[in-house]
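The first residue in the sequence is number 1, and the count goes up from there.
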Amino acid sequence: MGGQRKARPVERKKFNTAVDMAKDLPRLFAPISDAPTLIGEEQDHLARCEAAVETLKGAFWAAGKALQIIRDARLYRQTHGTFDAYCDDRWGMNRQYADKLIRTWPIAEALYERQLAAAKGETTPIGVKKLNQAQMWELVPVADSWDVDAATFVYETVADTVVQVDGRDVTAAVIQGAVKAAVKGAPKGEAFDQDAAAERIVDYVTGLGARKQPEPHAEDAPPSVAVIEARAQKAVQPAWVRRIAAQNRDVAAAYLDRVQAQVDELRKELASVPAPRV
């Protein structure tokens with residue numbers, strides 16, 4: 001097991017489908033070497049596995065583009081009377097989800113092309129590897145209101161700003177908030193104002209960083225009763241709990257049980273903390 005095997009060139013195979021790729025993956029579920037660096041055979045296995053994982057990142061983009069071609073060119077007509085019937089019968093997919101894929105792929109492709117150009121020929125730019133369908137879906141309202149270029153501008157502005165603030169990830173939730181900030185107050189029917197949108201997006205994202213509360217220092221004065229009350233209200237959010245309870249009391253009860261469990265754990269920790277010297 002510990003012998004060092006000679007490295008050999010990693011052979012890149014081409015596959016017709018993702019299923020073919022999955023079938024070709026090695027049934028390797030234990031190390032074949034104990035060397036700190038990968039031997040040639042392991043490098044080959046790693047390359048094949050990473051290529052398989054890479055297909056997942058762009059799957060929604062490829063599927064959405066393919067579905068639009070099938071829909072718009074009516075390539076389903078030989079076997080199905082409608083695109084809806086085709087999606088359901090061939091892919092077990094409802095029309096709503098198919099349309100979602102179709103509406104997101106142009107944004108993903110535009111971002112890929114922009115980031116590929118910025119990477120100066122790098123095979124797969126780092127930013128592209130982090131793109132996902134949830135992020136792209138949050139950008140659809142911008143593309144619908146203006147165009148794909150506006151949507152890519154919003155994404156890139158968010159990405160640049162979050163790195164500068166605190167390095168947080170460009171999550172779908174952050175994009176959703178940024179989109180609302182960019183769209184809010186923008187005159188309908190007018191051209192996309194990049195400067196105004198950027199200002200609103202930066203204000204929103206930097207506000208996220210400002211809302212992160214620092215850990216208290218030992219020398220800080222204890223908070224007042226008013227501050228404690230405000231934090232308690234914010235932590236539990238009674239209005240939100242009542243709204244959830246109106247929909248499903250069991251879910252609201254589960255949330256309160258979780259909060260209570262956290263409180264109980266903190267009380268146990270507090271009991272072990274030595275009392276401060278007077």
Side-chain angles (χ1 to χ4, degrees), residues 13-23 51-119 121-125 127-159 170-176 178-180 182-183 186-194 197:
K13 294 185 178 181
K14 293 184 178 180
F15 301 95
N16 292 325
T17 68
V19 173
D20 293 336
M21 178 180 285
K23 288 181 177 179
V53 176
E54 191 72 28
T55 62
L56 177 65
K57 304 300 290 185
F60 74 94
W61 165 14
K65 189 173 185 177
L67 284 168
Q68 182 167 359
I69 294 170
I70 293 170
R71 182 195 68 183
D72 294 356
R74 298 187 66 246
L75 301 180
Y76 57 82
R77 68 183 184 276
Q78 180 171 309
T79 56
H80 296 81
T82 65
F83 181 64
D84 297 47
Y86 167 80
C87 290
D88 181 61
D89 184 51
R90 183 69 176 85
W91 305 112
M93 180 188 303
N94 61 38
R95 177 63 182 268
Q96 182 180 8
Y97 185 64
D99 286 344
K100 186 173 184 177
L101 290 171
I102 290 170
R103 294 173 71 190
T104 55
W105 79 259
I107 304 171
E109 184 167 276
L111 281 169
Y112 174 82
E113 291 175 349
R114 289 174 64 86
Q115 294 187 18
L116 187 62
E122 183 183 340
T123 304
T124 308
V128 171
K129 294 179 181 179
K130 295 183 178 181
L131 298 180
N132 60 62
Q133 185 185 354
Q135 296 169 326
M136 299 304 99
W137 179 246
E138 297 301 338
L139 293 167
V140 166
V142 180
D144 288 348
S145 298
W146 288 283
D147 53 27
V148 170
D149 287 341
T152 60
F153 175 82
V154 170
Y155 178 89
E156 290 172 344
T157 304
V158 172
V170 185
T171 64
V174 172
I175 294 176
Q176 182 185 56
V179 167
K180 290 180 179 178
V183 173
K188 293 183 179 180
E190 294 189 8
F192 183 72
D193 188 337
Q194 290 191 353

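- Taking CZ of Arg90 as the reference point, atom OG1 of Thr79 lies at 9.0 Å (rounded to 0.5 Å).
- For Trp105, there are no ring pair (Phe, Tyr, Trp, His ring centres under 6.0 Å) partners at least two apart in sequence or on another chain.
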Should Glu109 and Val148 be marked as a side-chain contact (heavy atoms from CB on, under 4.5 Å) after you check the CA-CA gap, both sets of side-chain angles, and the distance that decides it? CA-CA 10 Å; Glu109 184 167 276; Val148 170; over 6 Å; no
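- Applying the side-chain contact (heavy atoms from CB on, under 4.5 Å) rule to Arg71 yields the partners Gln68, Phe83, Arg95, Asp99, Ile102; only residues at least two apart in sequence or on another chain are considered.
- Under the salt bridge (Lys or Arg N to Asp or Glu O under 4.0 Å) criterion, Asp88 pairs with no residue, sequence neighbours left out.
- The side-chain hydrogen bond (donor to acceptor under 3.5 Å, both in side chains) test applied to Glu156 returns Arg114, not counting sequence neighbours.
- Taking the side chain as every heavy atom from C-beta outward, Tyr76 and Arg74 approach each other to under 4.5 Å.
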Trp146 and Val183: side-chain contact (heavy atoms from CB on, under 4.5 Å), yes or no, with the steps? CA-CA 10 Å; Trp146 288 283; Val183 173; 4.0 Å; yes
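- Taking Lys100 as the reference, nothing meets the side-chain hydrogen bond (donor to acceptor under 3.5 Å, both in side chains) condition, with sequence neighbours excluded.
- Closest non-hydrogen pair, Val158 versus Ala178, comes out as CG2-CB, 3.4 Å.
- Atom CH2 in Trp137 sits 15.0 Å away from atom CD in Gln135 (nearest 0.5 Å).
- Pairing each heavy atom of Ala143 with each of Ile107, the nearest pair is CB-CD1, 4.0 Å.
- Residues Thr152 and Ala110 approach most closely at CG2-CB, 3.7 Å, considering heavy atoms.
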Test side-chain contact (heavy atoms from CB on, under 4.5 Å) on Trp61 and Leu131 and set out the steps. CA-CA 10 Å; Trp61 165 14; Leu131 298 180; over 6 Å; no
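- Put simply, CD1 on Ile175 and CG on Leu139 are 5.0 Å apart, with the number rounded to the nearest 0.5 Å.
- To the nearest 0.5 Å, the span separating OH on Tyr86 from CD1 on Ile70 amounts to 3.5 Å.
- If you take CG on Leu101 and CE on Met136, they are separated by 13.0 Å, rounding to the nearest 0.5 Å.
- Considering only residues two or more places apart in sequence or on other chains, Phe153 meets the ring pair (Phe, Tyr, Trp, His ring centres under 6.0 Å) condition with Phe192.
- Here CG of Asp84 is found 12.0 Å from CE of Met93. Values are rounded to the nearest 0.5 Å.
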